[in-house]
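Each ligand, and each atom within it, is numbered from 1 in the order the structure gives. Counting from 1, the numbers follow the sequence of the chain as shown.
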Amino acid sequence: MKAVHFGAGNIGRGFVGLLLHEGGYDLVFSDVAPTLVETINAASEYTVHEVGPGGSDKTVTGFRALDSRADPDAVADEVAAADVVTTAVGPNILPFVAPHILEGLARRDADAKPLQVMACENAIGATDTLRAEIEKLAGDSWGDLSTRAVFANTAVDRIVPAQPAGAGVDVTVEPFFEWAIEQGPFGGDLPNIPGAHFVDDLGPYIERKLFTVNTGHAATAYFGAAAGITRISDALADPGIREKVEQALGETSALLTAVHGLDAAELADYRATILDRFANEALPDTVQRVGRQPLRKLSRHERFIGPAAAAAERGLAVDGLATAIASALRFEDAADPQAVELQERIRTEDAAAFTASVTGLEASHPLFARVQEEVGHRQTELGVYSA
Ligand SMILES: NC(=O)c1ccc[n+]([C@@H]2O[C@H](COP(=O)([O-])OP(=O)(O)OC[C@H]3O[C@@H](n4cnc5c(N)ncnc54)[C@H](O)[C@@H]3O)[C@@H](O)[C@H]2O)c1
Ligand SMILES: O=P(O)(O)OC[C@@H](O)[C@@H](O)[C@H](O)[C@H](O)CO
């Protein structure tokens, strides 16, 4: 069995690649970073170091890597002959992966089993987004090609920090992981991924994950950055920060109970487990990595505005989420183009226009005025004019 995985970065090697290897797949990584591709091809095995309570080392073998910019032809051939294709490139990169999958489907034997495609990104419906990109590119030819692949949404959860320079292909990760996958699209012929669980309705799983793990993580990062803290575990060790993160997560849990009927006591346990994971001192994770791309994180269906908007529509509390959003508006990182753009725009756009374009909220939405108010506070703090 063969799996082609796009994005040989942190989660690609430290989670998706590891589980596919354990499931018996030969692994072909496809990436656009030539040095990373070379380093992977120079190694015959790599180690996934799980650090923290219960962690152990896992060895991955049977892999190689391709540079999809230098050798798109080889990537298409690998996709044509693969059983599974996965991605972990970032939701904004999916349009650049789509042409490779489409070309692979065009070259695929029409009698072969359908290719099983799963995007493993932190976003609701990421595989649907990838499929839509492929369909758009294919145009009229999609009618024939669509039978050559099945597409399943997934929710992946494992914290994989940025790896230190010199680590080679090895990856340091937390021991915890969870991978939930929609099972309907496979028609009973499930991919062999040990430890993954297949579910009928992914909606509650992806929302529970994104609006708890990722809301709490990003809130910890932005509160931590505002306090001059670098490590996520140090940020959460600050009682004032922890209290604010817990307040925001109390609100997202109330929403998940209201929308999906999730049990409040089980959600409390889930939150406690997650905060323990953030507090893992053995994991060298930073507020810069977790807070990266703040414009994406402040967009309409993401970890802050998504749950806060839905909560406001139901008349549920949003004070904790609004405080986290206010902190996100203060995130600065000269090495992160979105953080630079965020700070530039907050200095130059009026509060209402900024709120509308960054969050995607309509001015009439019950959350709009609250976010606009936080934008105004930030502008006052910066001494810039707000209309
Ligand atoms: N790191 C985590 O803890 C974690 C956990 C769950 C989900 N995720 C999600 O996984 C995705 C990747 O995150 P990451 O932390 O591994 O990031 P990363 O930056 O470590 O890895 C991304 C990789 O994608 C490669 N890439 C960029 N453009 C590409 C292209 N066009 N084709 C192929 N490869 C390309 C990059 O070179 C890089 O190696 C994101 O959507 C993230 O939200 C990350
Ligand atoms: O990858 P992002 O930028 O969407 O979010 C940063 C982190 O919160 C994220 O990578 C987590 O570590 C991960 O989602 C844990 O499963």
Within-4.5 Å side-chain heavy-atom neighbours: W179 and T154: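 When only atoms from C-beta onward are counted, T154 and W179 do touch, with a gap below 4.5 Å.
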Between [X] and [Y], does at least one N-O distance fall below 4.0 Å, as a salt bridge requires?
X: E332; Y: R347; value: no
X: R370; Y: E374; value: yes
X: D238; Y: K244; value: no
X: E78; Y: R64; value: yes

Measuring from atom 37 (O) of ligand 1, which candidate in V171, V16, D31 has the nearest non-hydrogen atom?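 Closest candidate by heavy-atom distance is D31.
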Which is closest to atom 22 (C) of ligand 1 by heavy-atom distance: S30, S68, A33, A88? A88
Test item, C120 contacting ligand 1 (heavy atom, 4.0 angstrom): yes
Can you find a non-hydrogen atom of Q163 under 4.0 Å from ligand 1?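 Outside the 4.0 Å threshold, so no.
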For [atom], the protein heavy atom that lies nearest, with its residue and separation:
atom: atom 3 (O) of ligand 1; answer: V160 N, 2.9 Å
atom: atom 41 (O) of ligand 1; answer: E121 OE1, 2.5 Å
atom: atom 8 (N) of ligand 1; answer: N122 ND2, 3.8 Å

Per-atom contacts of ligand 1 with [X], taking only distances under 4.0 Å to non-hydrogen atoms:
X: V32; answer: 26 (N), 27 (C), 28 (N), 29 (C), 30 (C), 31 (N), 32 (N), 34 (N), 35 (C)
X: V156; answer: 6 (C), 7 (C)
X: L36; answer: 39 (O)
X: P91; answer: 41 (O)
X: I93; answer: 28 (N), 29 (C), 30 (C), 31 (N)

Could you say whether the N/O atoms of V89 and ligand 1 ever approach to under 3.5 Å? no
When only distance counts, is R158 in polar contact with ligand 1, meaning an N/O pair under 3.5 Å?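 Yes - when backbone and side-chain N and O of R158 are compared with those of ligand 1, one distance drops under 3.5 Å.
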What part of [X], side chain, backbone, both or neither, has a heavy atom within less than 4.0 angstrom of ligand 1?
X: R292; result: side chain
X: R289; result: side chain
X: D157; result: neither
X: I159; result: backbone

With under 30° as parallel and over 60° as perpendicular, where do the rings of F278 and H217 fit, or are they tilted in between? parallel
Check whether the side chains of H5 and T86 place a donor and an acceptor atom closer than 3.5 Å, and report yes or no.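 A donor-acceptor contact under 3.5 Å links the two side chains.
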Compute whether any side-chain donor of one residue and acceptor of the other, for Q116 and D83, lie under 3.5 angstrom apart.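 D83 and Q116 do not have a side-chain donor-acceptor pair below 3.5 Å.
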Can you tell me which residue pairs pass the side-chain hydrogen bond (donor to acceptor under 3.5 Å, both in side chains) test with a partner in residues 301-317, sequence neighbours excluded? E313-H365
Holding to side-chain hydrogen bond (donor to acceptor under 3.5 Å, both in side chains), I want the full list of residues that pass it with E207, two or more places apart in sequence or in another chain. H260
Is the centre of the Y205 ring less than 6.0 Å from the centre of the H197 ring?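 Aromatic pair counts; centres sit under 6.0 Å.
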First-shell residues of ligand 2 [heavy atom, distance under 4.0 Å]: N122, V156, D157, R158, I159, K209, N214, H217, R289, V290, R292, R296, K297, R303
Does NZ or CZ of R277 lie under 6.0 Å from the centre of the six-membered ring of F176, at an angle within 45° of the ring axis?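 Yes.
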Starting from V32, can I reach V85 by hopping between I/L/V/M/F/W/Y residues whose side chains sit under 4.5 Å apart?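 They do not share one cluster, since no chain of ILVMFWY contacts under 4.5 Å joins V85 to V32.
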Decide yes or no on salt bridge (Lys or Arg N to Asp or Glu O under 4.0 Å) for E266 and R208, but give the supporting numbers first. CA-CA 11 Å; E266 283 176 21; R208 186 184 66 145; over 6 Å; no
Test ring-ring contact (aromatic ring centres under 6.0 Å, His included) applied to F331 - qualifying residues, sequence neighbours left out: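 Once residues adjacent in sequence are excluded, the partners of F331 under the ring-ring contact (aromatic ring centres under 6.0 Å, His included) criterion are Y222.
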